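What follows is one structure encoded as structure tokens, with my remarks underneath.
Both ligands and their constituent atoms are indexed starting at 1 by order of listing. Every value quoted in this text rests on a predicted model; they were computed, and no experiment measured them.
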Amino acid sequence: MKVTVVGAGAVGASCAEYIAIKNFASEVVLVDIKEGFAEGKAMDLMQTASLNGFDTKITGTTGDYSKTAGSDVCVITSGIARKPGMSRDELLGINAGIVKMVSASLIEHSPNTIIIVVSNPMDTMTYLVHKTTGLPKNRIIGMGGALDSARFKYRLAEALEAPISDVDGMVIGGHSDKGMVPLTRLATRNSVPVSEFLSEERLEQVKQDTKVGGATLTGLLGTSAWYAPGAAVSGMVQAIACDTKKIFPCSALLDGEYGLSDLCIGVPVVLGKNGIEKIVNINLSDAEKEHLAASAEAVKNNNSSLEL
Ligand code: NAI
């Protein structure tokens with residue numbers, strides 16, 4: 001299994017590190033536009049191999065895509081990240097040009113690859129990759145819901161004063177503060193609905209804290225987060241590499257599912273060796289359906305400013 005990660009910045013390097021530590025890939029290639037940066041990150045990570053006990057070979061290149069040839073999975077993290085006070089949507093103009101160029105270069109050398117899009121605004125960047133590459137829809141996947149769901153579980157565990165491994169929950173919808181739909185109704189603690197333990201007000205607080213999870217970290221760090229995003233991507237790559245058929249909420253191109261079409265937005269999917277192997281239908285409440293529809297409108301509005 002060969003994996004390419006474009007963008008050797010905070011998220012790309014963290015993603016490469018988690019993939020290596022999990023030891024399921026034979027090779028990870030880091031690509032960046034900054035001279036020597038990907039090579040440096042790769043060398044630094046390789047010097048952790050004997051310490052962390054992995055055999056994955058990590059290499060870096062400054063924009064030589066021939067080094068990425070034959071990649072099974074390619075992750076796109078290249079572009080700019082938001083600063084405190086910025087929304088993800090403000091990154092659209094710059095990142096669209098980068099994502100379009102990068103996806104074309106990747107496919108030139110790895111025509112059979114599966115692409116995971118991370119660059120923001122992620123749902124719109126995922127749609128852009130669909131529209132400009134024409135790859136089958138199962139092979140283009142946006143990462144947002146896996147991260148948002150991890151943040152949701154963190155907040156739920158905090159509110160419940162329970163171990164995170166006892167908590168389950170999922171966030172669907174657009175990867176934006178307003179667009180996220182944390183499914184509190186379906187969240188559980190050891191299979192028991194969390195409403196058994198938490199008041200409506202407390203659950204609403206969990207929901208709000210989840211939705212601003214990225215902004216909270218951007219405020220604290222001065223730039224956007226990287227550990228949880230990197231871990232979320234590595235989990236998705238592992239599900240594809242090891243054909244686990246795990247369910248992750250991912251941004252997928254919809255064609256009537258959830259009553260939505262011609263956009264990419266977060267819905268639960270089964271991930272396996274073919275990428276998105278199934279879009280899973282959940283029976284949503286009327287309020288959840290309404291929230292998802294509003295989220296889809298906002299994503300479509302962003303998509304309309306793409307130059308396709
Ligand atoms: P960063 O600034 O640390 O890294 C981005 C890297 O991309 C830089 O090293 C830069 O040199 C490189 N780059 C820029 N143009 C390039 C090109 N044409 N080819 C190759 N490399 C290029 O940013 P960070 O924090 O790693 O974030 C990356 C992206 O991921 C941002 O758009 C951010 O908003 C997004 N993000 C998305 C998340 C999600 O859940 N979908 C979560 C966290 C970040």
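In the displayed structure, N281 atom CG is contacted under 6.0 Å by more than 12 heavy atoms of other residues, nucleotides or ligands. Few gaps surround CG on L221; more than 12 heavy atoms of other groups in view lie less than 6.0 Å from it. Other residues, nucleotides and ligands contribute only 12 or fewer heavy atoms inside 6.0 Å of the NZ atom of K100.
Evaluated for a salt bridge (charged side-chain N to carboxylate O under 4.0 Å, His left out) with E277, the options K137, K246, K245, R139 yield exactly one hit, K245.
In F37, the part holding a heavy atom less than 4.0 Å from any atom of ligand 1 is the side chain. At a 4.0 Å heavy-atom cut-off, ligand 1 does not touch D148 at all. At a heavy-atom cutoff of 4.0 Å, ligand 1 is contacted by the side chain of I98 but not by its backbone.
Atom 11 (O) of ligand 1 has its closest protein heavy atom at D32 OD1, 2.6 Å.
Between N120 and ligand 1, at least one N/O pair is under 3.5 Å apart. The N/O atoms of I80, backbone and side chain alike, include one that comes under 3.5 Å of an N/O atom in ligand 1. Between V11 and ligand 1, a contact under 3.5 Å exists for at least one N or O pair. Between G12 and ligand 1, no pair of N/O atoms sits closer than 3.5 Å. Residue S78 places no N or O, backbone or side chain, under 3.5 Å from any N or O of ligand 1. On a distance-only criterion, P229 and ligand 1 share no N/O pair closer than 3.5 Å.
Panel note: side chain S224, backbone R82; no donor-acceptor pair is recorded below 3.5 Å.
The closest heavy-atom contact to atom 7 (O) of ligand 1, among the options A10, G79, G9, comes from G79.
At least one side-chain heavy atom of M170 sits less than 4.5 Å from a side-chain heavy atom of I247.
The closest approach between R88 and ligand 1 stays at or above 4.0 Å for every heavy atom of the residue.
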**Request:** Let me see the working for I76 and V118 under side chain to side chain contact (heavy atoms under 4.5 Å, CB included), right down to the final yes or no.
**Result:** CA-CA 6 Å; I76 304 180; V118 181; over 6 Å; no
**Message:** Could you go through D177 and R88, starting from their C-alpha distance and side-chain angles, then the distance that decides it, and tell me whether this counts as salt bridge (charged side-chain N to carboxylate O under 4.0 Å, His left out)?
**Reply:** CA-CA 9 Å; D177 297 5; R88 295 173 177 94; 2.9 Å; yes
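Defined by atom type and a distance below 3.5 Å, a donor-acceptor pair is missing between the side-chain atoms of T4 and T68.
Annotation for ligand 1: atoms under 4.0 Å from non-hydrogen atoms of V6 are 20 (C). The ligand atoms of ligand 1 that sit less than 4.0 angstrom from a heavy atom of H175 are 39 (C), 40 (O), 41 (N). Residue-ligand proximity, S224 to ligand 1, at heavy-atom distances under 4.0 Å covers atoms 25 (O), 44 (C).
I33 and V99 fall into different hydrophobic clusters, where Ile, Leu, Val, Met, Phe, Trp and Tyr side chains are chained together by heavy-atom contacts under 4.5 Å.
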